[in-house]
Amino acid sequence: MSRILIIEDEESIAELEKDYLELSGFEVVTQKRGDAGLKCALEEEVDLLILDLMLPEVDGFEICRLVREKKDIPVIMVSAKKDDIDKIRGLGLGADDYMTKPFSPSELVARVKAHLSRYERLIHSNAKENDIVEIRGIKIDKTARRVWVNGEERSFTTKEFDLLTFLAENPNHVFTKEELFREIWDMESIGDIATVTVHIKKIREKVEFDTSKPQYIETIWGVGYRFKV
Ligand code: CA
């Protein structure tokens, strides 16, 4: 549930806004004074700020400026004076929206919803997505180190995972066993190129429908392996 902070010194207006927003499913906190409101905006978990311009102690201009330095939550500024709205627009304080009082509470709710959904999309698009390799029925999540074959998750050992991922990321490229060994196992590893053969066999058992007729990892006789696309 989104949490909205209203900083408004006119109690009747604050109550009206709060009632409408709560009816729309939002959690609402109100503050009457600028200084207390600023503290709340900076220190508490707030998803959107509705900010009156003229406030005791610290005014809306200053609150908007200070909140902007710390947070990128949507800020809707409200004022009784149309002139003030024009003035703050001109100042480029970074508020996302401006409303002149009196406004209809449903208009406020509509704008709150619009700003929150835009803000959520923005956060979502900035979230780091997992690195996925997908070839035919095989899906490899490199970030989570998970593998699905035709939608079913299979478990792989570390080296099996590394080998499968390396081959899948270089499709149609033929690698010798020596190349694969060097790529996946570090130089100090105990083992030899026979290790590669063993791992390929294990991977095939997990990804191939019929290991005698591999659809993914092909053996190129006398050379090595390739991931077929
Ligand atoms: Ca006021």
Side-chain angles (χ1 to χ4, degrees), residues 1-132 134 139 141-146:
M1 193 201 295
S2 297
R3 196 159 189 260
I4 296 165
L5 171 62
I6 298 170
I7 310 179
E8 170 65 71
D9 58 332
E10 281 169 74
E11 213 160 322
S12 58
I13 292 177
E15 281 307 308
L16 184 68
E17 293 174 354
K18 185 173 191 275
D19 287 348
Y20 268 83
L21 289 165
E22 281 179 347
L23 278 172
S24 304
F26 297 108
E27 190 187 337
V28 181
V29 184
T30 57
Q31 290 288 347
K32 283 183 230 161
R33 286 167 47 140
D35 50 352
L38 176 62
K39 189 171 186 295
C40 182
L42 293 178
E43 292 173 10
E44 288 184 29
E45 200 64 47
V46 171
D47 299 302
L48 184 141
L49 174 60
I50 297 171
L51 181 59
D52 183 29
L53 191 58
M54 301 314 275
L55 291 162
E57 304 305 325
V58 183
D59 68 19
F61 292 107
E62 189 66 359
I63 293 172
C64 186
R65 192 179 65 77
L66 293 168
V67 168
R68 268 287 162 267
E69 285 177 7
K70 296 264 162 50
K71 293 187 172 185
D72 57 359
I73 55 167
V75 177
I76 300 177
M77 288 198 92
V78 298
S79 174
K81 294 183 194 155
K82 174 85 175 54
D83 290 353
D84 286 342
I85 296 289
D86 293 339
K87 192 173 143 201
I88 50 179
R89 266 185 208 278
L91 286 173
L93 284 172
D96 297 271
D97 208 347
Y98 307 89
M99 295 180 81
T100 310
K101 288 191 270 190
F103 46 77
S104 80
S106 53
E107 170 72 12
L108 177 71
V109 169
R111 293 207 198 181
V112 164
K113 283 182 179 167
H115 285 289
L116 279 173
S117 65
R118 204 180 62 187
Y119 180 59
E120 271 155 27
R121 277 201 306 276
L122 187 76
I123 291 173
H124 195 73
S125 67
N126 287 344
K128 206 163 166 27
E129 282 184 15
N130 283 11
D131 197 352
I132 307 275
E134 208 159 5
K139 181 179 163 188
D141 183 334
K142 289 176 68 185
T143 318
R145 295 185 69 90
R146 294 170 74 182

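On a predicted model such as this, the values are computed, not experimentally measured, just so you know. Along the sequence shown, residues are numbered consecutively beginning with 1. Just so you know, ligand 1 is whichever comes first in the structure, and atom 1 is the first atom listed for that ligand.
- Among the atoms of S79, none of the N, O or S atoms falls under 3.0 Å from the Ca ion (ligand 1).
- For E8 (side chain) and E10 (main-chain N/O), a donor-acceptor pair under 3.5 Å exists by modelled atom type.
- With D96 contributing its side chain and V75 its backbone, the two residues share a donor-acceptor pair below 3.5 Å.
- Per residue D9, closest N, O or S atom to the Ca ion (ligand 1): atom name OD1.
- Side-chain atoms of V112 and I50, non-hydrogen and from C-beta on, do get closer than 4.5 Å to each other.
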Working for salt bridge (charged side-chain N to carboxylate O under 4.0 Å, His left out), residues R65 and E62: CA-CA 5 Å; R65 192 179 65 77; E62 189 66 359; 2.9 Å; yes
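- Residue D52 approaches the Ca ion (ligand 1) most closely through its N/O/S atom OD2.
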